[in-house]
Protein chains: 2
Amino acid sequence: MTDPALLVRSRPRRRDAEATRQAILEAAKKQFALVGYDCTLRDIAGEAGADVALVKRYFGGKEALFVEALKASFGSDDLSEWDRQTFAREIATMLADSPHADEARTHRFQFLLRAATSPTTAPLLNVLVQERFLGPIREWLGGVDAQARARVFAASYIGFLVERLIRGEALQGREREIFIDRVSAIFTVLTAEAGPA
Amino acid sequence: MTDPALLVRSRPRRRDAEATRQAILEAAKKQFALVGYDCTLRDIAGEAGADVALVKRYFGGKEALFVEALKASFGSDDLSEWDRQTFAREIATMLADSPHADEARTHRFQFLLRAATSPTTAPLLNVLVQERFLGPIREWLGGVDAQARARVFAASYIGFLVERLIRGEALQGREREIFIDRVSAIFTVLTAEAGPA
DNA sequence: CATCTATGTCAACGGCGATTGACTTAGCGG
DNA sequence: CCGCTAAGTCAATCGCCGTTGACATAGATG
């Protein structure tokens, strides 16, 4: 998170096409998530400490940059590390906290939401979600009807992320406790092979 | 839904400031939901059969129009009509269908999503969601810890709407059956005053 | 050191869209 | 029938942004 490539450079970086490309890509991921597709290339380039013209040279144009940034934002979702015993409560706690306490995930998720609500990018997103979201969850869940269960799982997870985003701050006091209890219960149920009575 | 004010007029409408204002507002609700904030005022005005300049006269500007359209999109969510015995399965079925089968709700929801991912409108949305979404659900749920339970309920509901949006089409066959079973089970649990074991 | 190329900079162009104010006209009151 | 005002139209303006190609230079190669 303290990747020096993200910081504004006082001195120009040593000439390095690959590093510059990456810096632009990182800035794009952030700006597209925070501001949306309407952020300016000048802003992206500025944050990357590069020039607008390089966007064209390295990516071809804004549209192409968007697609690449979108793909790059769904690289490694490390859900094989989730402990089946404890993940439910951990996720629930994370969801009760402020979205600001979790910038990386929040940015990626905003990106996804934006792409989902744009007619041009929606088809692309469909494929990505299948491959890098539904697929892994399905594998992790295992058992019968894993596809349908993965859908329900993913939908719930997304919903809580949206709620956290809209809420904007951490839950407090008793509401927080109840929220965590309920949400972790739901995730436990969602993992089970057989639904509730 | 077959409001004549929405249709493109071959003949100019009789001069009527209020009707024109409404027509613009309706067109704005639709365009902002489908295309997003970047739709053009010309498109909105065109669909309303009015001129761009009238947007300024009646609303002041694009930003103000957006806010007003957002507010207007959350008028009456008629959830007092929900039958507590059957609503879970009805909702689950609706969520398994195509978003296109439910245009009105889909448009409103896309609008909400867009507003949620825009820094300028997020605060406004927070208030709106509290008043017209969380509040009614809380009342409808009743019982202890209604606020926290309403949050969980709303979050789940939102999540399934997002999933349906991304999916883009109706579920089929066995996956559909399982999906409906699971989702309606979840909503039943969400309604109950006590959580699952 | 000379040269050459990949890398980075700069300024201008072209289009688009919101805004604005002047202009036209319908429709009503007298 | 006459004008007056609210409603609607039109075209010009202004700024912004993506794109583009010409230019500058670091740094490697020999």
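No hydrogens, no waters, no symmetry mates; every other heavy atom, side chains included, goes into these values. Quick note on labels: first sequence line is chain A, next is B, and so on, each numbered from 1.
Between R57(A) and L54(B), the residue whose closest nucleotide on DNA chain D is further toward the 5' end is L54(B).
Computed from coordinates, the R21(A) CZ to dG8(C) C1' distance equals 16 Å when rounded to whole Å. Atom CG in L65(B) sits roughly 12 Å away from atom C1' in dA18(C) (whole-Å rounding). Distance CD (E18(A)) to P (dA6(C)): 16 Å, rounded to an integer number of Å. Here the P atom of nucleotide dA18(C) and the CZ atom of F59(B) are 15 Å apart, to the nearest Å.
Through direct or relayed side-chain contacts under 4.5 Å between Ile, Leu, Val, Met, Phe, Trp and Tyr, V35(A) connects to L34(A).
Residue pairs meeting the ring pair (Phe, Tyr, Trp, His ring centres under 6.0 Å) criterion with at least one member in residues 160-192 of chain B, sequence neighbours excluded, are F153(B)-F187(B), F160(B)-F187(B). Screening residues 171-180 of chain B for side-chain hydrogen bond (donor to acceptor under 3.5 Å, both in side chains), with sequence neighbours left out, gives D145(A)-R174(B), R151(A)-E175(B), D97(B)-R176(B).
With sequence neighbours excluded, no residue forms a side chain to side chain donor-acceptor pair (under 3.5 Å) with T191(A).
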Mind listing the side-chain donor-acceptor pairs of residues 56-65 of chain B below 3.5 Å, one per line with the distance, residues two or more places apart or on another chain?
residue, atom, partner, partner atom, Å
K62(B), NZ, Y37(B), O, 2.8
K62(B), NZ, C39(B), O, 2.9
E63(B), OE1, Y37(B), OH, 3.3

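Between R21(B) and E68(B) a salt bridge is recorded (basic side-chain N to carboxylate O distance below 4.0 Å).
An OP1 or OP2 oxygen of dT7(C) is reached within less than 4.0 angstrom by no side-chain nitrogen or oxygen of T20(A). Proximity of R14(B) to the phosphate of dG27(C): a side-chain N or O atom is located under 4.0 Å from OP1 or OP2.
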Could you go through nucleotides 18-21 of chain D and list every protein N or O atom that sits under 3.5 Å from one of its N or O atoms, giving the distance for each pair?
residue, atom, partner, partner atom, Å
dG18(D), OP1, C39(A), O, 3.4
dG18(D), OP1, K62(A), NZ, 2.7
dG18(D), OP2, L41(A), N, 2.8
dG18(D), N7, R42(A), NH1, 2.8
dG18(D), O6, R42(A), NH2, 3.0
dT19(D), OP2, K62(A), N, 3.2
dT20(D), OP2, K56(A), NZ, 2.5

